Protein chains: 2
Amino acid sequence: MAGATKPLGSPAKSAAQTRIIDAAVDLFSEHGIGGTSLQMIADALGVTKAAVYHQYNTKDEIILAVAEIVLARLEAAVVAAEAERSSVRGREVLIAGMIDVAVERRRIAGVLQRDPVMLRFLDNHEPFRRVMTRLNRVLMGGVSTPRARVQVAMITGIIGGAVIHPLVFDLDDESLRSHLLKQVKTLLRAR
Amino acid sequence: MAGATKPLGSPAKSAAQTRIIDAAVDLFSEHGIGGTSLQMIADALGVTKAAVYHQYNTKDEIILAVAEIVLARLEAAVVAAEAERSSVRGREVLIAGMIDVAVERRRIAGVLQRDPVMLRFLDNHEPFRRVMTRLNRVLMGGVSTPRARVQVAMITGIIGGAVIHPLVFDLDDESLRSHLLKQVKTLLRAR
DNA sequence: GTCTATAAATCGATAGAC
DNA sequence: GTCTATCGATTTATAGAC
C-alpha cells in the first residue's frame, strides 16, 4: 500500500508501568507536566524515584507513553476516515472518533491538547506531527479559506476544551458524547 | 448598588513592571508557567533575577499580574452583560466581549484558559472565581440542562482553544473575531 | 534599580546493594 | 523491582553593596 506508515505503537505495558502511567496522568492533569516531578509520581505510588526510573529512564518516556494512549486511537480514527469514499463522510467519521476518545479519556485528552509542555513535546515528535497533518487535512475537507480554518480550529478547541470544563464534569460519557456530536454537526451543517 | 463588588484592579504598572509582564507572557505561552523560571524571565530582559524580585516578590505575583490583564476586561464584559434587560441580549454582549479579549490578547488568553498552573491559581483566587460564576450564569441564561451545560462548555472551549490554533495563527484580529462570532452565533441559534 | 553572592530546597538522573 | 545514597544542575528567594 503506497504511503502506508507503521501504526503508532502502544507497546504492551507491565503492571508496574501501567500504574506509573495512571498516576502520571492524574498528576499531569492536575499540576501540569512541568509542575509534576518524578518524586511526586513516586510518592503517589508509595515507592521511590529509583523504582520509577527502573521502568522509564527519562521523564520524556513517561510523557510519550501518556501521549501514545490517545494518539494511537486518534490515528486509527484518521485511517478509518481516509478510507471513506466521500470526504464529507470521512470528516464525520473522524469527528466521531475524536469525540469518542476525548470523552472516554477526558483527563489525557485535556493534557494532550492543553499542556504547553505536551504541545512542545508533540511538535518535536515527527510521527505525531504526521498524524496531526493528516487529521487537519481530513477536517479541512479540501477547503482552506479563513472560514474553514476557523471552523476546524473551533472543532479542535471544542473537543479539547469542552470535555474538561467543570460544567460537564459530572456528565456521563454517553450523554457528553451525544450532545457534543450533535452540536458539532450543527456547526458543520452551517458551512 | 446591592451586591456591587470592587472591580478587579489593574494597578498602574511601572515601565520595569510592564517589561517583566510582557516577557513573562511570551515565556508562559511558549514553555508553560511551570516551565518558566524567574531566571528565564531575567535572561529575556538582560537583567538578573534579583532585579526581577525587586519588582515582584514572588512568582505568584507575576502570574497574578498576567491574569489581571485579561480578567479585568472579562469582568467588564460580564458587568455590561448583566446590565442588559434581556438575558438573550446579555449573553450576546458577553460572548462578543469574550471573543474580543481572547482575540486581541491571544497569547494571554491561551495561558489563562489552558495552563494547568494558571487554572489551579485561579481556582484558589476568590475574586476570579466570583467573576467566573457570574460569567457562567449569564452564559447559561437560567437554563441548567445537560444540553445547556455542554453548550456553555463548548463556547468556552472554542474561545480559548480556537484563538491559539496553528491554523488561525496568521489570521488578523478582525477576520478571526468576525468568523468566530458568526459561528458561535450559529451554535446558539440551534438551541 | 541593578548588581554579586549565597542559602536552602528540589530537580532529573545514576550507582550499586539487596 | 525496590531500595539508599548521591551527583550536579537548577529552583525560589534573600542579604547587602553600589
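Throughout, a chain's letter reflects where its sequence line sits, starting with A, and its residues are numbered from 1. Note that the coordinates shown come from a computational prediction; the quantities given were computed from them, not determined experimentally.
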Pairs in or reaching into residues 28-40 of chain B: which pass salt bridge (charged side-chain N to carboxylate O under 4.0 Å, His left out), with residues at least two apart or in two chains? A:R120-B:E30

Out of [options], which has the shortest distance to the side chain of [X]?
| X | options | result |
| --- | --- | --- |
| A:A50 | C:dT14, C:dT2, D:dT12 | C:dT14 |
| A:A51 | D:dT14, C:dG12, D:dC3 | D:dC3 |
| B:V47 | C:dC3, C:dA13, D:dA13 | C:dC3 |
| A:K49 | D:dT4, C:dG12, C:dT4 | C:dG12 |
| B:Q55 | C:dT2, D:dT2, C:dA13 | C:dT2 |
| A:Q39 | C:dC11, D:dG1, C:dT4 | C:dC11 |

Strand-adjacent residues in residues 13-28 of chain B, judged by heavy atoms under 4.0 Å from DNA chain C: B:S14

Sorted by number, residues from residues 30-38 of chain B placing a heavy atom under 4.0 Å from DNA chain C are none

What integer distance in Å separates [X]:[atom1] from [N]:[atom2]?
| X | N | atom1 | atom2 | answer |
| --- | --- | --- | --- | --- |
| A:M40 | C:dC11 | CE | P | 8 Å |
| A:K59 | D:dT10 | NZ | P | 15 Å |
| B:Y56 | D:dT12 | OH | P | 17 Å |
| B:Y53 | C:dT4 | OH | C1' | 16 Å |
| B:H54 | D:dA13 | NE2 | P | 17 Å |
| B:D60 | D:dT11 | CG | P | 17 Å |
| A:D43 | D:dT2 | CG | P | 15 Å |

B:F128 meets the ring pair (Phe, Tyr, Trp, His ring centres under 6.0 Å) criterion, sequence neighbours left out, with B:H125

Rounding to 0.5 Å, atoms OG (A:S29) and CZ (A:R114) come to a distance of 10.5 Å

dist B:L181:CG -> B:I159:CD1 (nearest 0.5 Å) comes out at 9.0 Å

A:L71 side chain near A:E75 side chain, heavy-atom distance below 4.5 Å: no

Is the shortest side-chain heavy-atom distance between B:R107 and B:V111 below 4.5 Å? no

Show me the side-chain donor-acceptor pairs of residues 35-45 of chain A shorter than 3.5 Å, one per line, residues at least two apart or across chains.
unit_1, atom_1, unit_2, atom_2, d
A:T36, OG1, A:L27, O, 3.3
A:T36, OG1, A:G32, O, 2.7
A:S37, OG, A:Q39, N, 3.4
A:S37, OG, A:M40, N, 3.2
A:Q39, NE2, A:D43, OD1, 3.0

What residues form a side chain to side chain donor-acceptor pair (under 3.5 Å) with B:D123, not counting sequence neighbours? none

Distance test, side-chain N/O of A:T48 to OP1/OP2 of D:dC3, below 4.0 Å: yes

So does A:K182 have more than 12 non-hydrogen atoms from other groups sitting under 6.0 Å from NZ? no

